[in-house]
There are 4 protein chains.
Amino acid sequence: MEAEKRLEKETMILDAAERVFAARGYAATTVKDVAQEAGVATGTVYLYFPSKEELFLALIDRGTRAVLEGIVRARQGKPDVIAKLAASLEGAVRAFSAHRDLARVALLQAPGALPACEERLAQLHRLFADYVAQDLEEARAAGLIPPLDARVAAWAWVGSFAEILLAWVRGDVADLEEVLPGLVAYNLRGIGAPGSRQPQRGQAARSAGPAERRSAGRDQAAAPGGFAAGER
Amino acid sequence: MEAEKRLEKETMILDAAERVFAARGYAATTVKDVAQEAGVATGTVYLYFPSKEELFLALIDRGTRAVLEGIVRARQGKPDVIAKLAASLEGAVRAFSAHRDLARVALLQAPGALPACEERLAQLHRLFADYVAQDLEEARAAGLIPPLDARVAAWAWVGSFAEILLAWVRGDVADLEEVLPGLVAYNLRGIGAPGSRQPQRGQAARSAGPAERRSAGRDQAAAPGGFAAGER
Amino acid sequence: MEAEKRLEKETMILDAAERVFAARGYAATTVKDVAQEAGVATGTVYLYFPSKEELFLALIDRGTRAVLEGIVRARQGKPDVIAKLAASLEGAVRAFSAHRDLARVALLQAPGALPACEERLAQLHRLFADYVAQDLEEARAAGLIPPLDARVAAWAWVGSFAEILLAWVRGDVADLEEVLPGLVAYNLRGIGAPGSRQPQRGQAARSAGPAERRSAGRDQAAAPGGFAAGER
Amino acid sequence: MEAEKRLEKETMILDAAERVFAARGYAATTVKDVAQEAGVATGTVYLYFPSKEELFLALIDRGTRAVLEGIVRARQGKPDVIAKLAASLEGAVRAFSAHRDLARVALLQAPGALPACEERLAQLHRLFADYVAQDLEEARAAGLIPPLDARVAAWAWVGSFAEILLAWVRGDVADLEEVLPGLVAYNLRGIGAPGSRQPQRGQAARSAGPAERRSAGRDQAAAPGGFAAGER
DNA sequence: AATGAATGAGTTTTCATTCAT
DNA sequence: GATGAATGAAAACTCATTCAT
């Protein structure tokens, strides 16, 4: 088979796998499920991927590549390192925002699914954090930000980004684009970037929302009254 | 059986389950594994938990309770809402830091393990975020911080905390206590709290560390050269 | 323990077992179920019966004994062998009719439950049939009935009796006493006993009943139209 | 898979199941046993039947169908309703007599094996009895037999047939064909059909046989001496 | 290359039986 | 004698993987 046709079918299967894994999770998804979703026979999946595990990892790797490319693209032509840093976050969010299924798989299911996968994702997190740390170093060297613990800042940066994506995947955030500016601003303030002192006005009004909206879920796990319960 | 003895044995089994699930993940762990780790027969586990699924959920719920209690305790006697907010984060981190296995289970494996579990954790995340948002509202109302999008700030706050825990679980952060001040400072700056303008000096020197240490992992998933690769 | 008390408790457990086995069947009944129904601990059952299997067999044996006694009692004082034969059938029916649970167990569940049990019941059937055959021999020798194949007559006699009991257990026959005269008459005619030539009048009116009443059940297993379907 | 091949394999598995269930009973038979008897892997059984329970029910249904067809075939071309009735019994006996395993399963094990099965068989018994009752009604309307309680006669008719089959399955009746005329005659006399007054001569001599042959079994469950023991 | 029937190892769960209290 | 917690063997069922067609 010509390489092109092969690649095309491989992509078809990966697309199907992404949908099915996203919907049912790694363990609950059978190779037959994936094959049916892709419209091929069970055995055909094994012509393109050596095992269910490798299929899943290929999915993760494809997603990883897409996000990294999104980041690289977003940084292109940005004037300074701070702008590039901000653009990185935006680029990553946008890369995911077109693929909610991918995000479900990569953020929710992948870490616990397979040891190999956990390791892969750990490396990805480190990679992101290291790049952020590099940017922060560079920004500090250029005098754009004050000295800071770049490690911690990098984890925080990555974590805030991951959490927003998770919230979006869960349906707690409706529109990623809408929250993106606030997220960037938060992190720019976090690293002490100039011109980021004052949070943006005009969004505060919405802030009470979640607290009320979610009262149903609260009584499951927590004492009533929030963190302050039991305090004097 | 007296309630006390029963509880004791239940705890034994939960402890064993925590260790085994942390080490192998939900799907790869068999009930027999848990029983052996606990030093009882397979059937005995079923005398205390009706199914593998319920055993896992009991684990999550126990962890959730412990963390929430840690937060409430940490907030006690703090003078203002900003201090309480900071203390919440510290309390949660400390609650986890005594139980790395719990953290592994709750943060890595639980989300993808079971639909019921995903929902449980989603509620917990919402709960955390809502409480943070409440505190932020209160702080803003008291004039302690400028107006901001409390939702986004809350997600970022929670996410930065979760990411640090993950890094610790993975071994990328050796000592949680050491990084805690930096994490709190980052987030206080993020919300625009006064007196948090300047990052702490003296920690910037360490920041290049992780980037070099982990170079092995990078070539798996990413083009070399950081986000800037491909840029002009 | 004094023998009397022991016997009393044994009876309690057997009574409980009869109820539970009748309701759920042999396989679906656990020893714990029986113990709970009897109001004792699981282990206590094993103080009185060596195994679940033996418990079940003890139940069957008790029932067998009761029925045989009922037969013997019914034959007492009957003038001739034909009357005794008829009385045997009535006695057996009456012995069961006070214990529907016993009948359920002995007729429906026991045969397939255990090889040992199947053998036990087979012997019982043979016993019944042999006795009937003996009576028939005696009746023929006395000139009360014409010569006949006593084996076949004996099986038919026993089978018609068992079937009526089954129908009663299933709820298809409401009152055993009501159908008993017809059953005896049928079998007396079957063996050619004198004075049994004409079926009893006045019952024919009911005879169309079952055919109409049960139409719901029929479409499951049979072609419509009765046995005649497909005939010219 | 073409429907034909599938059906062929399904039949193979059903045949194997019939043998194994007949030999060990429902509860004592494992799916693995059936698979081995059929010469396939355990999982293969599940490709054709969704569960052990459904496999067993399929067996019962197949048997039911075969017997009903045997009955319909036997009735074809019979001159009057009495002849048809007699032919029905003969047809059913012959349908079973080719499949002793089927008879063992359907008559001994099925009733107690599964609630669903009990219900299925109950309907079958009702069906048989209702058809017999219909024939009897018709015969009475045609003046071929005197009025009688058709319900009771129908149960007796079905029961005598079932009992003979059981005896054959147990080995107490060697040749079904041999006893069939006697059985039909017995029941024709039972319903008062004309020309059935005198039992067949020449068979009475055999009748003492079983009673002696089986004396070993008797002492298990019964007092010695027949029903007359204890009588004066 | 593609198919999908067949495989059988492995998992969860049940429950008869035992035995320390 | 009585208890009921503990045991662990066994069974139904699933599904990743193979391979004849």
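Below, all heavy atoms of this structure are taken into account, side chains as well, without hydrogens, waters or symmetry copies. Letters go in sequence order (proteins before strands), and every chain restarts at 1.
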### Task
Searching all strands shown, indicate the nucleotide that pairs with dT21(E) (Watson-Crick or G-U wobble; both distances under 3.5 Å).
dA2(F)
### Query
Which whole-number value in Å describes the distance from E53(D) CD to dC13(F) P?
8 Å
### Closest-nucleotide 5' rank along DNA chain F - winner of G39(C) and K52(A)
G39(C)
#### Entry: Length of the line joining F49(A):CZ and dA16(F):P, which is rounded to integer Å
15 Å
#### Entry: Short side-chain N/O contact to dC15(E) OP1/OP2 from T30(C), under 4.0 Å
no
### K32(A) side chain reached by Q36(A) side chain, heavy atoms, under 4.5 Å
yes
### Task
Return the 5'-most residue of the pair A28(A), V31(D) with respect to DNA chain F, ranking by each residue's nearest nucleotide.
V31(D)
### Query
Under 4.5 Å between any side-chain heavy atoms of L14(B) and T11(B), yes or no?
no
### Task
Rounded off to whole Å, could you give me the CZ-to-C1' distance for the F56(C) and dA16(E) pair?
16 Å
## Note on the structure
As its Watson-Crick or G-U partner within any shown strand, both distances under 3.5 Å, dT7(F) has dA16(E)
### Euclidean distance, atom CZ of residue R24(A) to atom P of dC15(F) [Å, nearest integer]
10 Å
### Query
Atom CD of E118(D) and atom NE2 of H125(D): how far apart are they, to the nearest 0.5 Å?
10.5 Å
### Query
Parallel, tilted or perpendicular for F21(A) and F56(A), by the 30°/60° rule?
perpendicular
### Query
Taking for each residue the nucleotide of DNA chain E with the nearest heavy atom, is it S51(C) or T44(A) whose nucleotide lies nearer the 5' end?
T44(A)
### Query
Within this structure, what is the CD1-to-P distance between I13(A) and dT3(E), rounded to whole angstrom?
9 Å
### Summary
5'-most contact on DNA chain E (nearest-nucleotide basis), P50(B) vs L47(A), goes to L47(A)
### Task
With the side chain of V40(A) defined as its heavy atoms from C-beta on, choose the nearest nucleotide among dT3(F), dT7(E), dT3(E).
dT3(E)
### Task
Looking at every strand, decide which applies to Y48(D) at a 4.0 Å heavy-atom threshold: base, sugar-phosphate, or nothing.
sugar-phosphate
### Query
Can you check whether K32(A) has a side-chain N or O nearer than 4.0 Å to OP1 or OP2 of dT14(F)?
no
### Query
Roughly how far, to the nearest 0.5 Å, is the OG1 atom of T64(C) from the CZ atom of R62(C)?
11.5 Å
### Message
Less than 4.0 angstrom between a side-chain N/O of T42(C) and OP1 or OP2 of dG4(F), yes or no?
### Response
no
### Message
Using whole Å, what does the distance between atom C1' of nucleotide dT21(E) and atom CD of E2(B) come to?
### Response
11 Å
### Query
Side-chain N or O of Y46(D) less than 4.0 angstrom from OP1 or OP2 on dA6(E)?
no
### Query
Between atom CD in E54(D) and atom P in dC13(F), what is the gap in whole Å?
10 Å
## Note on the structure
Here the distance between atom P of dA16(E) and atom CD of Q36(C), to the nearest Å, is 12 Å
